[in-house]
**Q** 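Below: one structure in structure tokens.
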Amino acid sequence: MKITLNIWRQTDASDKGGMHTYQLDDVSPDMSFLEMLDVLNEDLNAKDEEPIAFDSDCREGICGMCSLMINGEPHGPEVTTTCQLHMRSFKDGDTITIEPWRADAFPVLKDLCVDRSAFDRIIQAGGYISVNTGSAPEAHSVPVPRDDAMRAFNVATCIGCGACVAACPNGSASLFMGAKITHLGELPQGQPERDSRVVNMVAQHDHEGFGGCTNIGECTAACPKEIPLDVISQLNRDLRTAMKHGH
């Protein structure tokens with residue numbers, strides 16, 4: 001396959017940046033998208049040119065590091081992570097535009113790499129569960145209804161990649177935050193700090209510069225783990241309850 005790549009290049013956050021065009025003439029359909037970028041960087045290194053900076057770690061769809069806008073879609077045309085996207089999703093002769101996440105709260109570090117530490121600070125603002133368990137408790141010592149346990153498990157699959165923010169016209173992180181709130185809110189262990197957790201996390205979210213949610217739904221459509229939109233409703237209900245309790 002012959003592929004033309006329009007890639008955003010930017011030396012650091014202060015640089016204006018711009019699009020650069022590259023050509024690859026022997027791309028295998030079985031390559032992952034990141035393997036294709038590896039091949040491009042090998043070519044650039046051979047020419048003594050600066051390789052393209054992009055994030056990756058596990059390359060198994062687990063860590064969420066591979067955050068790229070591909071032809072205007074977070075992670076590309078398939079509902080998966082960029083590392084699990086393969087070049088067979090494109091055609092010979094295609095032109096592919098690759099950009100970093102676009103959000104004020106995710107400043108560009110270099111080329112396709114952005115700083116997503118705002119997510120870490122939102123989680124940190126939620127605090128921890130202050131349950132004195134002593135030694136490790138027996139697994140069945142705290143009964144949890146099956147439906148609650150399954151819902152907590154399903155929303156805990158959020159990998160914090162930031163695709164929801166990149167897809168949202170408002171740059172909101174409500175889907176990410178709702179997943180974290182719902183995960184702990186469904187479990188008995190998460191109840192002692194339930195009110196303070198949601199208030200502090202929402203305050204941190206707004207402080208970081210994320211936008212407000214207007215329930216457009218682009219976030220869940222772009223989520224590689226298919227986190228449902230109703231976690232945002234759970235977030236809003238928990239926040240209203242906490243405010244009624246004086247938090």
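In this text, all values refer to a predicted model and were calculated from it rather than measured experimentally. Any value given below was found using the heavy atoms of this structure, including those in side chains, with hydrogens, waters and symmetry copies removed.
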**Q** Would Arg151 and Asp147 count as a side chain to side chain contact (heavy atoms under 4.5 Å, CB included) if you check the C-alpha gap in whole Å, the side-chain angles of each, and the deciding distance to 0.1 Å?
**A** CA-CA 6 Å; Arg151 180 165 163 76; Asp147 289 347; over 6 Å; no
**Q** Hey, what do you get for NE2 (His20) to CD (Glu49), rounding to the nearest 0.5 Å?
**A**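 Reported value, rounded in 0.5 Å steps: 10.5 Å.
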**Q** Would Leu112 and Met31 show up in the same hydrophobic cluster when neighbours are defined by side-chain heavy atoms closer than 4.5 Å?
**A** yes
**Q** Decide yes or no on salt bridge (Lys or Arg N to Asp or Glu O under 4.0 Å) for Asp55 and Lys110, but give the supporting numbers first.
**A** CA-CA 10 Å; Asp55 281 325; Lys110 184 177 181 180; over 6 Å; no
**Q** Could you measure the distance from the CD atom of Glu35 to the OG atom of Ser56? Nearest 0.5 Å is fine.
**A** 10.5 Å
**Q** Does Cys161 have any side chain to side chain contact (heavy atoms under 4.5 Å, CB included) partners at least two apart in sequence or in another chain, and if so, which?
**A** His75, Arg116, Ile159, Ala163, Pro224
**Q** What are the two closest heavy atoms between Gly61 and Thr81, and how far apart are they?
**A** CA-OG1, 3.3 Å
**Q** Under 3.5 Å, is there a donor-acceptor pair between the Ser14 and Asp12 side chains?
**A**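 Result is yes, a qualifying pair exists.
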**Q** Does Phe210 have its ring centroid less than 6.0 Å away from the ring centroid of Phe106?
**A**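 Yes; Phe106 has its ring centre under 6.0 Å from that of Phe210.
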**Q** Is the shortest side-chain heavy-atom distance between Met1 and Pro29 below 4.5 Å?
**A**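 Side chain of Met1 against side chain of Pro29, heavy atoms only: contact under 4.5 Å found.
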**Q** Any idea which heavy atoms bring Ile227 and Cys158 closest together, and the distance?
**A** CD1-N, 3.8 Å
**Q** Out of curiosity, Leu68 CG to Phe33 CZ, how far, rounded to the nearest 0.5 Å?
**A**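 Spacing of CG (Leu68) from CZ (Phe33) equals 6.5 Å.
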**Q** Salt bridge or not for Arg237 and Asp230, using N-O below 4.0 Å?
**A** no
**Q** Any side-chain heavy-atom pair from Met36 and Leu5 closer than 4.5 angstrom?
**A** yes
**Q** Answer yes or no: is there a side-chain heavy-atom contact under 4.5 Å between Arg59 and Leu34?
**A**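 Yes, their side chains come closer than 4.5 Å.
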**Q** Side-chain heavy atoms nearer than 4.5 Å, only ILVMFWY residues, links allowed to pass through others: does that put Val27 and Ile7 together?
**A**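 Both belong to a single hydrophobic cluster.
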**Q** Test side chain to side chain contact (heavy atoms under 4.5 Å, CB included) on Ile96 and Phe90; report intermediate values, then the result.
**A** CA-CA 9 Å; Ile96 304 173; Phe90 303 92; 3.7 Å; yes
**Q** Atom CG in Leu85, atom OG in Ser32: separation rounded to 0.5 Å?
**A** 8.5 Å
**Q** Could you report the tightest heavy-atom contact between Glu99 and Trp8, atom names first, then the distance?
**A** CA-CB, 4.2 Å
**Q** Check this for me, if you would: do Asp92 and Lys2 make a salt bridge, where the nitrogen-to-carboxylate-oxygen distance has to be below 4.0 angstrom?
**A** no
**Q** Any heavy-atom pair between the side chains of Ile122 and Phe176 that's under 4.5 Å?
**A**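 Sidechains of Ile122 and Phe176: in contact.
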**Q** State, with a plain yes or no, whether a side-chain heavy atom of Ile98 is found less than 4.5 Å away from one of Leu37.
**A**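 Counting from C-beta outward, Ile98 and Leu37 do come under 4.5 Å.
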**Q** Within the 3.5 Å criterion, strictly below it, is a donor on Asn6 or Thr95 matched to an acceptor on the partner's side chain?
**A**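 Side-chain D/A pair, Asn6 to Thr95: absent.
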**Q** Look at the side chain of Glu218 and the backbone N and O of Cys168, then say whether any donor-acceptor pair between them is shorter than 3.5 Å.
**A**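 No, the answer is negative, given that no donor and acceptor are paired below the 3.5 Å cut-off.
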**Q** Just by modelled atom types, is the Lys91 backbone N or O under 3.5 Å from a matching donor or acceptor in the Asp94 side chain?
**A** yes
**Q** How long is the straight-line distance from CE of Met177 back to SG of Cys164, given to the nearest 0.5 Å?
**A** 10.0 Å
**Q** Do Ile232 and Ile216 belong together in a cluster built from hydrophobic side chains that touch within less than 4.5 Å?
**A**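 Not linked; separate clusters.
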**Q** Distance from Leu175 atom CG to Lys180 atom NZ, nearest 0.5 Å?
**A** 10.5 Å
**Q** Show, in sequence, the C-alpha distance, side-chain angles and deciding distance for His205 and Met201, and conclude whether the side chain to side chain contact (heavy atoms under 4.5 Å, CB included) test is met.
**A** CA-CA 6 Å; His205 169 278; Met201 289 179 73; over 6 Å; no
**Q** So do Phe54 and Met65 actually touch side chain to side chain, heavy atoms under 4.5 Å?
**A**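 The answer is no; the side chains never approach within 4.5 Å.
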**Q** Is Ile123 reachable from Val202 through a run of hydrophobic residues whose side-chain heavy atoms are each under 4.5 Å from the next?
**A** yes
**Q** Whether the Gln23 and Thr4 side chains hold a donor-acceptor pair (N or O, under 3.5 Å, no angle test) is what I'd like checked.
**A**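 Yes, a side-chain donor-acceptor pair sits under 3.5 Å.
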**Q** Please tell me if the side chains of Leu40 and Leu24 come closer than 4.5 Å, counting only heavy atoms from C-beta onward.
**A**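 Of all side-chain heavy-atom pairs linking Leu24 with Leu40, at least one is under 4.5 Å.
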**Q** Could you check Asn170 against Ser172 for side-chain hydrogen bond (donor to acceptor under 3.5 Å, both in side chains), going step by step and ending with a plain yes or no?
**A** CA-CA 5 Å; Asn170 306 325; Ser172 173; over 6 Å; no
**Q** Ignoring hydrogens, what is the shortest heavy-atom contact between Gln234 and Glu186? Give both atom names and the distance.
**A** OE1-OE2, 4.3 Å
**Q** If you take all heavy atoms of Val199 and Ala242, which pair is closest and at what distance?
**A**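 Answer, listing the atom of Val199 first, then Ala242: CG2-CB, 3.6 Å.
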**Q** Are the side chain of Asn200 and the backbone N or O of Ser196 linked by a donor-acceptor pair below 3.5 Å?
**A**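 Checking the backbone N and O of Ser196 against the side chain of Asn200, a donor-acceptor pair under 3.5 Å is found.
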**Q** What heavy-atom pair brings Asp148 and Val144 nearest, and what distance separates the two atoms?
**A**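 The pair with the smallest heavy-atom distance is CB-CG1, 4.1 Å.
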**Q** When you measure from the side chain of Gln191 to the backbone N and O of Gly185, does any donor-acceptor pair fall under 3.5 Å?
**A**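 The answer is yes, because a donor-acceptor pair under 3.5 Å joins these two groups.
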**Q** Would you say CE of Met19 has more than 12 non-hydrogen atoms from neighbouring residues, nucleotides or ligands within 6.0 angstrom?
**A** yes
**Q** For the hydrophobic clusters of this structure (ILVMFWY residues joined by side-chain heavy atoms under 4.5 Å, transitively), does one cluster hold both Leu109 and Ile52?
**A** no
**Q** Any side-chain to backbone donor/acceptor pair from Thr182 onto Ala179? Under 3.5 Å, distance only.
**A** no
**Q** If you define the side chain from C-beta out and look only at heavy atoms, does anything of Leu229 sit under 4.5 Å from Cys219?
**A** yes
